[in-house]
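The analysis underlying the following values was restricted to heavy atoms, covering all of them including side chains, and did not include hydrogens, waters or symmetry mates. Atoms within a ligand are numbered from 1 in the order they appear, just like the ligands themselves.
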Amino acid sequence: MRVALAADHGGAALKAELLTLLGGDGHELVDLGGDGSDPGDDYPDYARIIGSFIRDGRADRGILICGSGVGAAVAASKMPGIRASVCHDSYSAHQGVEHDDLNVLCLGARVVGSELAAELCRTFLAARFSGAPRHLRRVGKIGQIEAEAAEAARSGDRGGAAG
Ligand code: RB5
């Protein structure tokens, strides 16, 4: 599997550790930065980069790291087709893929240590979307929300704001 990793300054050190820890697992790891040297490198920038890689088919899955994982997940999930979540427990790391077709795992470097983070990544990467009809239906409804938001943006609808 081709796996893209990216991190803001809060997550760069953990990303470096994960590149080492996961390096022998047989995946093709693609490091999209950052290197942690710039406190002005913002997680939405890396969310955009990693999301583009997945949307273009240049990566199958993403691992996006910031201080808490929260900002990364919020930002990445704004991109159509990107389903990103913080998963700091193993159940969520595989169930998120199996049921929700999660394609970006977000981690908080200030919350989890490197060994736990590596286990979460392995669990996430080993999981596959079940394809069960009820899950396809639910993921399809996420796509409908994206399509409705895109249509509202095209038509100038600001979501019910009056005047
Ligand atoms: C950056 O200091 C920090 O706010 C960011 O990495 C992340 O935790 C946001 O959710």
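What you find for A117 and V112 is that their closest heavy atoms are CB-CG2, 4.1 Å. Looking at every heavy atom in both residues, Y46 comes nearest to D41 through OH-OD2, 3.5 Å.
In R48, the CZ atom is not crowded: 12 or fewer heavy atoms of neighbouring residues, nucleotides or ligands sit closer than 6.0 Å.
Side-chain atoms of V97 and R61, non-hydrogen and from C-beta on, do get closer than 4.5 Å to each other. In this structure, C87 and L102 have side chains that are in contact, with non-hydrogen atoms separated by less than 4.5 Å.
Looking at atom 8 (O) of ligand 1, its nearest protein heavy atom turns out to be S68 N, 2.9 Å. Looking from atom 10 (O) of ligand 1 to the surrounding protein, the closest heavy atom is G71 N, 2.9 Å. Among all protein heavy atoms, the one lying closest to atom 9 (C) of ligand 1 is Y43 CE2, 3.5 Å. Of all protein heavy atoms, the one lying nearest to atom 5 (C) of ligand 1 is D8 OD2, 3.3 Å. Protein heavy atom at the shortest distance from atom 1 (C) of ligand 1 is H9 NE2, 3.4 Å. Shortest contact from atom 4 (O) of ligand 1 to any protein heavy atom: R110 NH1, 4.4 Å.
Considering backbone and side-chain atoms alike, G10 places every N or O at 3.5 Å or more from each N or O of ligand 1.
In summary, the atoms of ligand 1 found under 4.0 Å from a heavy atom of G67, numbered by their order in the structure, are 5 (C), 6 (O), 7 (C), 8 (O).
Here the rule is side chain to side chain contact (heavy atoms under 4.5 Å, CB included) with F129, and of E98, H99, H135, R83 only H135 fits it.
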